[in-house]
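Below is one structure, written out as structure tokens, with a few remarks after it.
The chains referred to below are lettered A, B, ... by the order of the sequence lines, with proteins before strands, and numbering in each begins at 1.
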2 protein chains.
Amino acid sequence: MVKSILDESCILNQSLTLIADKWTLLILMALMQGTKRNSELNRQINGISPKMLTQTLKTLIRYGMIERTVYPEVPPRVEYTLTEFGKSTADPLMALLKWSVDWEEQLTTLYKNRQTGLAGKDQSATK
Amino acid sequence: MVKSILDESCILNQSLTLIADKWTLLILMALMQGTKRNSELNRQINGISPKMLTQTLKTLIRYGMIERTVYPEVPPRVEYTLTEFGKSTADPLMALLKWSVDWEEQLTTLYKNRQTGLAGKDQSATK
DNA sequence: CGGTATCCTAGGCGATACTG
DNA sequence: CAGTATCGCCTAGGATACCG
């Protein structure tokens with residue numbers, strides 16, 4: 001009997017709307033290791049653009065999931081740290097990581113074969 | 001020592017690209033209860049449009065996460081079931097559900113206050 | 001009922017350039 | 001180095017209407 005799942009689906013819907021985002025999750029995951037600077041995150045998160053980094057960080061600050069600390073130094077230094085709320089995402093995130101590793105083969109294959117465009121679309125323009 | 005997280009971040013990136021989608025996760029979650037019909041899913045998943053339902057189901061079939069069964073009856077009946085691969089998402093999904101319930105208050109507040117537009121934007125047009 | 005096809009708009013997101 | 005602002009593509013995804 002898993003009826004409760006559907007009862008909760010509304011909450012799930014909300015949480016997914018808020019954080020079910022690739023960059024959001026990747027940033028949270030990266031910060032699980034501890035405080036990091038903007039440039040570190042930029043380097044470690046494969047493929048994120050500076051714009052999306054800053055933007056997502058700001059959102060996470062609004063959410064109260066991370067904290068921003070500015071050090072008044074000459075070469076400016078800003079550090080980001082997880083709050084307790086942010087840290088609380090560790091459980092689902094680790095479960096997801098484990099799953100990703102367990103199914104790595106399928107996932108990699110799917111990733112490579114994933115469609116750039118849409119299902120029945122003409123692919124002649126596949127640059 | 002959590003270095004491995006970053007080493008795996010590429011796989012995480014891949015899996016997130018594939019399934020870190022609100023509707024995808026909601027559908028998987030709904031099917032955890034067992035086989036379901038199109039209309040059932042449509043009813044139980046809060047706010048999904050028929051188009052997104054069909055589209056996401058098709059993607060999940062391509063991924064090999066669900067199976068589609070057609071019953072050649074007069075009022076057509078089609079059922080969707082999780083494959084083993086699909087079922088394997090139960091762990092991360094349940095962890096996420098638990099987290100959502102644990103932090104329900106914050107999430108609901110954030111959800112209500114979430115911005116429709118962008119950060120520093122003019123909100124005079126907030127319809 | 002289940003699914004497809006078309007239209008159409010908001011906004012995600014990269015690229016680029018500029019401030020402190 | 002950290003961050004903002006601007007432009008512009010291009011896609012997600014809702015609304016609507018039509019087939020088997």
Worksheet item: Out of T89(A), T81(A), L41(A), which residue meets the side-chain contact (heavy atoms from CB on, under 4.5 Å) rule with L31(A)?
Response: L41(A)
Worksheet, complete the sentence: Separation of dG14(C) atom P from L53(A) atom CG, nearest Å, is 10 Å
Worksheet item: How about L110(A) and W103(A): do any of their side-chain heavy atoms sit closer than 4.5 Å?
Response: no
Worksheet item: Looking at five pairs on each end of the helix from dC1(C)-dG20(D) to dG20(C)-dC1(D), what is the angle between the two axes, given to 10 degrees?
Response: 40°
Fill in: Heavy-atom check, side chain of E79(A) versus side chain of E67(A), under 4.5 Å
no
Worksheet item: From the list dC1(D), dG2(C), dG3(C), which nucleotide is the closest neighbour of the side chain of R37(B)?
Response: dG2(C)
Worksheet, complete the sentence: Rounded to whole Å, CD1 of I66(A) lies from P of dA2(D) at a distance of 14 Å
Check nucleotides 13-15 of chain D for protein N or O atoms closer than 3.5 Å to its own N or O atoms and list the pairs.
unit_1, atom_1, unit_2, atom_2, d
dG13(D), N7, K51(B), NZ, 3.0
dG14(D), OP2, S49(B), OG, 2.6
dG14(D), O6, K51(B), NZ, 2.4

Worksheet entry | Residues forming a side-chain contact (heavy atoms from CB on, under 4.5 Å) with V70(B), sequence neighbours excluded | R68(B), V78(B)
Practice prompt. Look at S39(B) and dG2(C) and indicate whether a side-chain polar atom (N or O) is within less than 4.0 Å of OP1 or OP2.
Written response: yes
Worksheet entry | Side-chain touch R62(B)/T59(B), heavy atoms, less than 4.5 angstrom | yes
Worksheet item: Under a single-linkage definition using a 4.5 Å side-chain heavy-atom cutoff for Ile, Leu, Val, Met, Phe, Trp and Tyr, are M65(A) and I11(A) assigned to the same hydrophobic cluster?
Response: no
Item to complete: List for me each residue that meets side-chain contact (heavy atoms from CB on, under 4.5 Å) alongside N13(A), sequence neighbours excluded, and say none if there are none.
Response: T17(A), K22(B), W23(B), L26(B), N46(B)
Worksheet item: Under a 4.5 Å cut-off applied to non-hydrogen side-chain atoms, are W99(A) and L93(B) in contact?
Response: no
Practice prompt. Taking side chain to side chain donor-acceptor pair (under 3.5 Å) as the test, write out the residues that go with D102(A), two or more places apart.
Written response: K98(A)
Worksheet, complete the sentence: So, with a heavy-atom separation below 4.0 Å from DNA chain D, the residues of residues 68-81 of chain B are P76(B)
Worksheet item: For the pair made of CG in L57(B) and P in dT4(C), what is the distance, rounded to whole Å?
Response: 10 Å
Worksheet item: Can you check the R114(B) CZ to dA10(C) P distance for me, whole Å?
Response: 17 Å
Worksheet item: Taking C-beta and beyond as the side chain, do N38(A) and T54(A) meet within less than 4.5 Å on heavy atoms?
Response: yes
Worksheet item: Rounding to a whole Å, what distance do you find between K36(B):NZ and dG2(C):C1'?
Response: 18 Å
Discussion item. Under a 4.0 Å threshold between the charged nitrogen and the carboxylate oxygen, would R43(B) count as salt-bridged to E40(B)?
Written reply: no
Item to complete: Would you mind telling me which of dT4(D), dT4(C), dA2(D) lies closest to the side-chain atoms of K58(B)?
Response: dT4(C)
